[in-house]
Amino acid sequence: MKPIIAPSLLSADFGNLHRDCLLLNDSEADWFHIDIMDGLFVPNISFGFPVLKSIQHVATKPMDVHLMIVEPDRYLETFKEYGAWQISVHIEACTHLHRTIQKIKSLGVKAGVAVNPHTSVTLLEDIIGELDLVILMSVNPGFGGQKFIERTYEKTARLKELILKNNASCLIEIDGGVNIQNAPLLLKAGADALVAGNFVFSSSNPLQTITALKSIV
Ligand code: DX5
Ligand code: ZN
């Protein structure tokens with residue numbers, strides 16, 4: 001099966017956001033990966049609802065929203081209103097993760113959980129059957145263009161095992177430092193979806209770069 005490719009708009013040129021969204025529309029990308037950071041959960045602030053609204057107006061592909069914010073429950077309805085097709089919250093930011101996941105699903109939005117590099121996937125055991133997506137962070141969240149953490153290969157394989165053991169149907173998305181070298185190994189380990197920010201938008205031909213990622217077998 002071909003991988004799902006989700007370019008991260010965090011690395012787009014915000015002065016030409018409309019152009020970069022059109023580029024993703026025209027590309028073989030599957031999802032728009034949208035990183036929301038609050039300056040509290042992560043040491044960076046990305047963008048908020050007005051920018052999301054601009055993306056919503058132009059995007060012709062599903063919006064895969066990754067919330068790196070504390071108390072995400074406060075804004076779930078609003079993210080749906082601004083076009084989120086899938087919302088992932090961080091396990092480290094949710095005291096009542098099960099309730100948060102149910103709330104996302106009750107809105108008719110796909111529900112995901114993101115886990116930081118230090119967080120064990122065993123913590124997902126009792127919720128894996130409820131999820132549409134798990135995002136494995138392969139960098140510490142907060143910034144684009146960071147170095148891939150090698151331990152992610154093994155972690156991906158362990159998560160895949162957990163999914164199969166529980167007869168769950170959730171997808172595995174890898175987020176951070178993904179490139180054409182590590183992507184084949186991640187897919188082999190069990191990943192279904194790959195986020196790529198810097199690797200796509202800093203390349204001389206983002207369209208071709210997306211096609212190259214999509215063509216990995
Ligand atoms: C990091 C974000 C990522 C980031 C990926 O906190 O969650 O989605 O944009 O960017 P690259 O691919 O440049 O590591
Ligand atoms: Zn992300």
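These values consider heavy atoms only, across backbone and side chains, with no hydrogens, waters or symmetry-generated copies. All ligand and atom numbering here is 1-based and tracks the order in the structure.
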Count I, L, V, M, F, W, Y as connected when their side-chain heavy atoms are under 4.5 Å apart, and connections chain through other members. Are Val121 and Ile128 then in the same cluster? yes
In terms of heavy-atom contacts, Asp64 and Ala6 come closest through OD2-CB, 4.2 Å
min-distance N/O/S atom, Asp175 vs the Zn ion (ligand 2), resolves to OD2
Do Lys147 side-chain atoms and Val139 backbone N/O form a donor-acceptor pair below 3.5 Å? no
Quick one: look at Phe199 and ligand 1, take heavy-atom pairs under 4.0 Å, and tell me if it's side chain, backbone, both or neither. neither
Counting from 1, what ligand 1 atoms have a heavy atom of Asn198 closer than 4.0 Å? 11 (P), 12 (O), 13 (O)
Starting at CZ of Phe32, measure out to NZ of Lys61 and round the result to the nearest 0.5 Å. 7.0 Å
Do Asp30 and Lys214 sit within salt-bridge range, that is, some charged N less than 4.0 Å from a carboxylate O? yes
Does the N or O separation between Met137 and ligand 1 drop below 3.5 Å for any pair? no
For ligand 1, which atoms, with element, lie under 4.0 Å from some heavy atom of Gly145? 11 (P), 13 (O), 14 (O)
Carboxylate-amine/guanidinium contact Arg19 Asp13, below 4.0 Å: yes
Heavy-atom contacts with Val195 under 4.0 Å: which atoms of ligand 1 show up? List them by number with element. 8 (O)
Any N/O of Met37 closer than 3.5 Å to an N/O of ligand 1? no
Could you tell me whether Gly197 and ligand 1 have an N or O pair separated by under 3.5 Å? yes
Using distance alone, decide if ligand 1 has a nitrogen or oxygen within less than 3.5 Å of any nitrogen or oxygen in Asn140. no
What's the shortest distance from atom 10 (O) of ligand 1 to any protein heavy atom, and which residue and atom give it? Gly144 CA, 3.7 Å
Do His96 and Asp73 have a side chain donor and acceptor closer than 3.5 Å? no
Looking only at protein heavy atoms, what sits closest to atom 14 (O) of ligand 1 is Gly177 N, 2.8 Å
What is the name of the N/O/S atom in His66 that sits closest to the Zn ion (ligand 2)? ND1
Using a strict cut-off of less than 4.0 Å between a Lys/Arg side-chain nitrogen and an Asp/Glu carboxylate oxygen, indicate whether Lys80 and Glu77 qualify as a salt bridge. no
Mind checking whether Asp175 contacts ligand 1 via backbone (N, CA, C, O), side chain (CB onward), both or neither, at a 4.0 Å heavy-atom cut-off? side chain
Please confirm whether the ring centroid of Tyr153 lies under 6.0 Å from the ring centroid of Phe148. yes
Are the charged groups of Glu154 and Arg151 less than 4.0 angstrom apart, N to O? yes
Starting from atom 2 (C) of ligand 1, which protein heavy atom do you reach first, and at what distance in Å? Asp35 OD1, 3.5 Å
Per-atom contacts of ligand 1 with His33, taking only distances under 4.0 Å to non-hydrogen atoms: 8 (O)
Protein residue, atom and distance nearest to atom 6 (O) of ligand 1, heavy-atom basis: Gly142 N, 2.7 Å
Heavy-atom distances under 4.0 Å are what count here, so tell me which part of Pro141 touches ligand 1: side chain, backbone, both or neither. both
Does some non-hydrogen atom of Phe143 fall short of 4.0 Å from ligand 1? yes
Ligand-side contact atoms (ligand 1) for residue partner His66, heavy atom cut-off under 4.0 Å: 7 (O)
Closest approach of Ser8 to Asp35 (non-hydrogen atoms, all atoms of both residues): OG-OD2, 2.7 Å
Closest approach of Ala114 to His66 (non-hydrogen atoms, all atoms of both residues): CB-NE2, 3.8 Å
Could you tell me which atoms of ligand 1, counted from 1 in the order shown, lie closer than 4.0 angstrom to a heavy atom of Ala196? 12 (O)
Can you give me the NE2-the Zn ion (ligand 2)-OD1 angle for His33 and Asp35, to 10°? 90°
Connected via hydrophobic side-chain network under 4.5 Å: Val195 and Val42: no
Hey, what do you get for OH (Tyr82) to OG (Ser54), rounding to the nearest 0.5 Å? 10.0 Å
Where ligand 1 meets Leu10 - atom numbers and elements under 4.0 angstrom, heavy-atom basis: 9 (O)
Check each atom of ligand 1 against the heavy atoms of Gly176 and keep those under 4.0 Å away; list them by number with element. 14 (O)
